[in-house]
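What you see is a predicted model, and the numbers here were worked out from it, not measured in a lab. Here is how names work: the chains are called A, B, and so on, in the same order as the sequence lines, proteins then strands, and each is numbered from 1.
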Amino acid sequence: MAKPRVIYWFRTDLRLHDSPALQAALDLEPDVLWPIFTWDPHYTLFPKLFKAWKPTHLVFEKDTDAYARSRDEAVAKAAQEAGVKVIVRSGRTLWDSDGIVEKHGGKPTMSITQLQAAGKKIGPVARPLPAPESLPDPGDMPVDFEQHFPDKSRDFNAGYRSEKDTGYNAIAGPNGDFAIETLEELGFSPATTPHRGGESIALKALDELIKNKRYTATFEKPKTSPAQFEPQSTTLLSPFFHFGALSVRLFYWRVHEVVESFGKGASTPPESLIGQVLFRDMYFAAQAALGQSFAQTATNAYCRFIPWHLPSKRNPETGFTTGDYHIDKPEAEEWFQRWKAGVTGFPWIDALMRQLKQEGWIHHLGRHSVACFLTRGGCYVDWERGAEVFEEWLIDHEPACNIGNWQWLACVAFFTQYFRCYSPITFGQKWDKNGDFIRRWVPELKKVKAKYIYEPWKMPLLDQKQAGVRVTGDGLSERQEGSYPKPMFDFNERRSICLSAMKNAYAVGLHGNDEKVLDGTWRSLFPSPDEAEVMGEYESDYGENADIGDEEDREKLDGDSAGIKRAARKNSTDAKIKKQKT
DNA sequence: AATGAGTTGGTCCG
DNA sequence: CGGACCAACTCATT
């Protein structure tokens with residue numbers, strides 16, 4: 001019998017160590033093994049490859065991302081039609097995410113307790129497999145068919161290319177060596193990030209971490225500083241996990257060993273290093289259970305509905321295009337743009353957003369800060385808008401973790417304590433009194449006294465002169481030389497408005513799959529934006545305390561808001577009754 | 001049904 | 001720096 005001819009498709013597993021899928025391919029004892037790194041042109045490429053190379057097997061690591069599922073189904077179908085056997089192995093997570101879902105009754109894991117319980121039912125995390133000593137030769141690769149990128153409309157990076165893209169001109173790359181395309185070959189400018197990838201760098205980074213026994217064994221995420229840089233306070237292994245350059249199970253067992261031998265005083269999940277990868281598995285399994293609806297509010301039974309000022313681009317019915325889906329607040333669009341550009345006028349937020357854009361990575365608590373600020377704790381912009389920006393900019397972007405964490409911070413799923421709100425001023429100060437992190441990323445403020453670095457709008461003119469910066473403008477219009485924008489709103493005012501709006505939304509109690517959300521009738525359950533604005537009381541830090549005037553007005557408004565709240569509670573009760581019925 | 005816990009807030013007080 | 005409080009949600013356990 002002829003020996004197997006195998007195509008190995010690398011996607012989420014750019015490594016040789018601990019790859020169950022690669023091991024499965026090698027276990028076939030193939031005559032030839034072709035490595036393929038292509039990402040999207042598979043729909044047209046694979047049928048051609050099947051015809052030209054006549055493989056017997058196609059092997060790849062399981063990808064439970066919503067988009068990947070449909071892509072892989074299409075490829076499996078094409079393989080079946082060509083008589084090619086498909087082998088898929090789980091290898092991206094501690095446990096197979098579909099297995100976790102199954103043990104959790106087919107439902108998404110919405111807490112770390114649920115994930116741990118389901119993991120326990122499956123059994124211990126698999127021990128990592130060693131890297132193969134050698135790989136079979138790729139052999140002949142007749143490529144006498146159309147090899148160019150087949151569908152330019154699916155080239156989502158087109159807008160970023162400055163040079164000619166030669167990366168897709170040949171199956172084995174420009175040099176015929178199957179090397180992953182360089183940025184230059186893909187037509188991009190040199191990277192702006194100092195972070196570097198690859199399996200050997202990943203393994204070295206893990207070794208360095210493990211050498212530091214105390215750090216590894218006593219790691220507590222909430223105690224690591226989001227303001228620390230060069231070096232940062234956390235491991236920075238997430239990009240390696242994302243690309244599969246480092247096996248999460250290898251990480252798990254090597255950390256486990258250190259924790260065991262450290263004994264008393266070691267940290268435990270969820271704060272510990274092990275806890276971090278447990279959260280990762282939790283989000284993966286949540287997504288595996290919910291599919292595409294996980295990425296959005298619309299149709300998502302596990303996502304609370306909030307009438308954000310700036311809506312998602314998705315329509316509740318179709319999942320796409322902007323719909324009439326929010327309570328109008330014209331300023332919100334500008335707030336979103338200023339947040340994205342790092343010119344909100346709040347230095348702590350701006351520093352984080354600029355670091356994110358430049359380097360593609362910020363500390364987890366920094367992500368908390370900017371995500372809370374954009375959603376429930378400031379701008380009241382839909383979390384889906386923020387998630388899209390992170391998706392584009394993060395070098396460690398993992399769809400499941402990104403979506404899950406945005407839901408967490410927006411308090412629409414996973415987390416509910418919306419009254420715990422990050423301050424763009426005091427949260428950073430807790431870690432970095434002098435504002436060194438701000439000085440690094442917002443150089444306009446480099447010479448500002450520590451007293452004003454988190455609140456430059458409070459700086460007297462004389463101090464502004466001495467620091468060589470004028471606090472003026474909106475950040476978006478053409479910026480004056482040596483200026484830094486004024487804050488885009490009174491944070492305390494916004495915090496108060498958002499809090500009461502969240503309270504109301506919780507009382508109404510709608511979720512993404514509720515009929516009222518999908519047919520638009522949710523509007524009648526929420527106060528108009530003007531009413532919502534005056535529901536919150538606040539002490540202005542800026543001297544111009546909105547419209548709330550004399551005592552009589554205040555009473556009247558409070559009366560109104562109480563009425564709205566009563567209505568909201570009633571609606572909440574209705575919703576609960578409705579749920580019990582179904 | 002009641003109770004306690006939940007990775008990662010802010011403010012005030014001592 | 002530690003704890004009470006803010007105003008109060010949901011889940012897991014009993």
Using centres under 5.5 Å plus planes under 30 degrees as the test, is A:Tyr418 stacked with C:dC9? no
Could you list by number each residue of residues 402-409 of chain A showing a heavy-atom separation from DNA chain B of less than 4.0 Å, or answer none if no residue does? A:Trp408
I want to check something: taking the side chain as every heavy atom from C-beta on, are A:Cys379 and A:His309 in contact at a cut-off of under 4.5 Å? no
Could you list by number each residue of residues 266-276 of chain A showing a heavy-atom separation from DNA chain B of less than 4.0 Å, or answer none if no residue does? A:Pro270, A:Glu271, A:Gln276
Applying salt bridge (Lys or Arg N to Asp or Glu O under 4.0 Å) as the test, list every pair that has at least one member in residues 398-426 of chain A; sequence neighbours left out. A:Arg92-A:Glu398, A:Arg280-A:Glu398
For A:Trp95, all residues meeting side chain to side chain donor-acceptor pair (under 3.5 Å), sequence neighbours excluded: none
Classify the side-chain pair A:His363/A:Thr224 by whether it contains a donor and acceptor separated by less than 3.5 Å. yes
Mind checking what makes side-chain contact (heavy atoms from CB on, under 4.5 Å) contact with A:Cys498, not counting sequence neighbours? A:Tyr380, A:Arg494
With rounding to whole Å, what would you report as the distance between B:dA1 and C:dA7 at their C1' atoms? 22 Å
Rounded to the nearest angstrom, tell me the gap between atom CZ in A:Arg376 and atom C1' in C:dC9. 12 Å
Hits for side chain to side chain donor-acceptor pair (under 3.5 Å) against A:Trp339, two or more places apart or cross-chain, chain-then-number order -> none
Reading nucleotides 9-14 of chain B 5' to 3', which nucleotides get B (base under 4.0 Å from a protein heavy atom), which S (sugar-phosphate only), which -? BSS---
Protein-nucleotide distance (A:Met502, atom CE; C:dC6, atom P), rounded to Å: 21 Å
Name the closest nucleotide to the A:Thr416 side chain, picking from B:dT7, C:dT10, C:dA8. C:dT10
Using the test salt bridge (Lys or Arg N to Asp or Glu O under 4.0 Å), find all partners of A:Glu102 that sit at least two apart in sequence or belong to another chain. none
In a check of ring pair (Phe, Tyr, Trp, His ring centres under 6.0 Å) between A:Phe241 and each of A:Phe251, A:Phe284, A:Phe279, which one passes? A:Phe251
Using the C1' atom as the point on both nucleotides, what is the distance between C:dA4 and C:dA8, in whole Å? 16 Å
Got a salt bridge between A:Arg440 and A:Asp432, using NZ or NE/NH1/NH2 to carboxylate O under 4.0 Å? no
Secondary-structure string, 5' to 3', Watson-Crick or G-U under 3.5 Å, | for another-strand partners, for DNA chain B: ||||||..||||||
Starting at NZ of A:Lys107 and ending at P of C:dT10, how long is that distance when rounded to a whole Å? 17 Å
Atom P, compared across C:dC9 and B:dT11: separation rounded to whole Å: 22 Å
Mind checking A:Leu499 for me? I need base, sugar-phosphate or nothing, with any heavy atom below 4.0 Å counting as a touch. nothing
Are the side chains of A:Ser90 and A:Ser97 in touch, meaning some heavy atoms are under 4.5 Å apart? no
P spacing across the pair B:dT7 / C:dC6, given as an integer number of angstrom: 24 Å
Which pairs, protein N/O on one side and nucleotides 11-14 of chain C N/O on the other, fall under 3.5 Å?
from: C:dA12; atom 1: OP1; to: A:Gln114; atom 2: NE2; distance (Å): 2.5

Does the side chain of A:Gln287 come within less than 4.5 Å of A:Asp65's, by heavy atoms? yes
Write down the distance between CD1 (A:Ile306) and P (C:dC9), rounded to a whole number of angstrom. 13 Å
Kindly say whether the aromatic ring centers of A:Phe346 and A:Trp457 come within a distance under 6.0 Å. yes
A:Phe373 and A:Phe489 aromatic centres sub-6.0 Å: yes
Please report, rounded to the nearest Å, how far the C1' atom of C:dA7 is from the CG atom of A:Asn504. 16 Å
Above 12 or not: heavy atoms from other molecules or residues under 6.0 Å from CD of A:Glu257? no
To the nearest Å, how far apart are A:Lys221 NZ and B:dT7 P? 13 Å
Results of salt bridge (Lys or Arg N to Asp or Glu O under 4.0 Å) for A:Glu334 - residues two or more places apart only: A:Arg338
How far, in whole Å, is C:dT10 from B:dG10 if one measures between their C1' atoms? 22 Å
Sequence neighbours left out, what passes salt bridge (Lys or Arg N to Asp or Glu O under 4.0 Å) with A:Lys223? Give chain and number order. A:Glu220
Grab the CD-P distance between A:Glu220 and B:dT7 for me, whole Å please. 14 Å
Determine whether the side chains of A:Ser233 and A:Gln228 contain a donor N or O and an acceptor N or O closer than 3.5 Å. no
Please report the distance, rounded to the nearest Å, between NE2 in A:His363 and P in B:dT7. 17 Å
